[in-house]
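Working notes, beginning with the structure itself.
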Amino acid sequence: MAIYSLKQTKQPPQSQTKATLWLKENLFSSISNAALTFVALYVIYLLLPPILNWTIFDANFDLTADNQSCGREGACWSFVNANFKMFIYGFYPENELWRVNTMFGIIAALVVFGSLIKASQYRAQYIIGSFLIYPVVAFFLLYGGLGLEVVETDKWGGLTLTVVVAAVGIIASFPLGILFALGRQSEMRVVKFISVVYIEFVRGVPLITILFMASVVLPLFFSAGMDFDKLLRALIGITLFQTAYIAEVIRGGLQAIPKGQYEAADAAGLSFMQKTILIILPQALKISIPNIVGSFIALFKDTTLLLIIGLFDMLAIVGAASSNSNWLGRETEGYVFVAMVIWVILYSMSRYSKRLEVRFSTEHK
Amino acid sequence: MSELTNKEIGEKGCCDIVEISGLSKWYGDFHALKDINLKVKEGEIIVVCGPSGSGKSTLIRCVNFLEKFQEGSIVVDGTELTDDVKKIRQVRSEVSMVFQHFNLFPHLSIINNLTLAPIWVHNETKQEAREKALKLLDRVGIKDQAEKYPNQLSGGQQQRVAIARALCTSPKIMLFDEPTSALDPEMISEVLDVMVELAKEGITMLCVTHEMGFAKKVADRVIFMDEGQVIEQNTPDKFFENPESERLQLFLDQILTQ
């Protein structure tokens, strides 16, 4: 028999500096990994110089230059400057632009204020209130009425239109998606049948088809005087489309909840609604955050399809601007600019989803 | 299966709080419970044991209607369990359950796990529920963990929280579904200690467990089930000293020689 004494805990040995260790573990851990590293470096070497030359070194940053004086070697950024208002506001009347700016300003203010009251007990009310009231205010600002000059929706365009369509699609499809996800899980046969048919039908049809249906086919069913707004029809189409996808994403989350959670909620005597709202949905939505945001990102990109039914989102505006005879042949600059703007927005959404995941995590607090 | 007289069971309450008669349950074609008859007196501590697949968990899960049954009837404190949602909720508000895998709500802190049912089912105020919850946490020895989340606690602590959660609604009956089976060996006793304390306070308990020490210590009656039937029931002394049926003798030999 032997008895052993407890050993001291020690720091791990440090034979190499952190930098060389990182290189060795990540870039040169094996021969094939090292080969891939060199291939990647070579591709970067091929691509980076021409990109940098065009965007920066050969580019003309004189924001007053016109198409002729700009030169053809590099980018002509004055094109973006000259058409900036069009990219952002579309064909919105010049002296009403403050309304769009106010709308964006209120969003920023709501977000900033929301992050300040993080610890407050009124946070939930604040968020739900914002989601209910803000769309009404935003609509009033954009469309007008009650003393403001009415701006018809065919004047809306650019980033404004992109944001409006994406935001409406997101805000409206989220609660609807939850309902259809629950419907598909329901034990009531009729509810389940309707949900399955709806989800599978919409998911089996491309968004373009739905937009076409909404803008071309739907009016055929209405009498001449009853025609309603083209943008509204597109919004309904996009919301219906997005609802089906969100429903499937949330259903995935619902299925990941262990049976024991349902049983514990039942055993405690909670009603079906209480069980769903207090126990099941919070957990299911938490699991689904990455996929929900992924789906919203896809929707944001899909708004570019509005071009097909004659609405000018930010991408379509570039085409319109570069077909202006003063700026022929400059669409590349416009598309690069639009790509940057969309990338910034979508990357922020993706980072925000990461932050949400961390905040709702109860694993390691 | 012999009927026991009041005297043998001890001087526990006058009335049957759970009456199970002619209970049969099928999973598809599989006959999981076969004509079970069981009466539980108020304040009685009953331990149900038997080999796995014998239907013991299914039986106690029928008592709060987590499992539906096809034949027979269950009356809990005067309310008969049917498909009527109101009656089911009525029964569930008086019956609490502790699960093998704890089933705490991972998105809620410990204190919110405890106050959920009192607030939403029993219409208590947040303040009342919170005070009661803290007292119960104190009783199971983990008051200082109230603001943590379930995943930050050890298995034994989680199960003690689950017991406190079950007690939070002041139930008349407690159901335990193998409460120590998922625990590391060194954590079993901390949970059993809490259960022994509880048993001494006169609450009605139905426990499915293999902890024979617990059965000997506090049970009024021990029930042996096999193949969906009650094979034998007796006071703990007689149950362990003089098992009548062969199958129980075999079962006891197997688990006691471990």
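Numbers restart at 1 for each chain; the letters A, B, ... are given by sequence-line order, proteins then strands.
- For A:Glu263, the parts sitting under 4.5 Å from any heavy atom of chain B are the backbone and the side chain alike.
- There is no contact between B:Val85 and chain A, counting heavy-atom distances below 4.5 Å.
- Counting non-hydrogen atoms of neighbouring residues, nucleotides and ligands closer than 6.0 angstrom, the CZ atom of A:Phe272 reaches no more than 12 such neighbours.
- Interface summary for chain A: among B:Leu116, B:Leu108, B:Val95, the most heavy-atom pairs under 4.5 angstrom belong to B:Leu116.
- In A:Gln125, the CD atom is crowded: over 12 heavy atoms of neighbouring residues, nucleotides or ligands sit closer than 6.0 Å.
- If you measure heavy-atom distances from B:Phe99 to chain A, the contacts under 4.5 Å come from the side chain alone.
- Taking a 6.0 Å sphere around CD of B:Glu201, one finds it holds more than 12 heavy atoms contributed by other residues, nucleotides or ligands.
- With 3.5 Å as the limit, one finds a donor-acceptor pair spanning the side chains of A:Ser295 and A:Gln242.
- Proximity of B:Met225 to B:Leu33: side-chain heavy atoms (C-beta onward) are separated by under 4.5 Å at one or more points.
- At a 4.5 Å heavy-atom cutoff, B:His101 makes no contact with chain A through either its backbone or its side chain.
- When each of B:Lys87, B:Lys86, B:Arg92, B:Glu94 is tested with B:Gln90 by the rule side-chain hydrogen bond (donor to acceptor under 3.5 Å, both in side chains), just one qualifies, namely B:Glu94.
- No part of B:Leu175 comes within reach of chain A, as not one of its non-hydrogen atoms sits under 4.5 angstrom from that chain.
- Chain B forms more heavy-atom pairs under 4.5 Å with one residue of A:Ala265, A:Ala268, A:Gly269 than with any other, namely A:Gly269.
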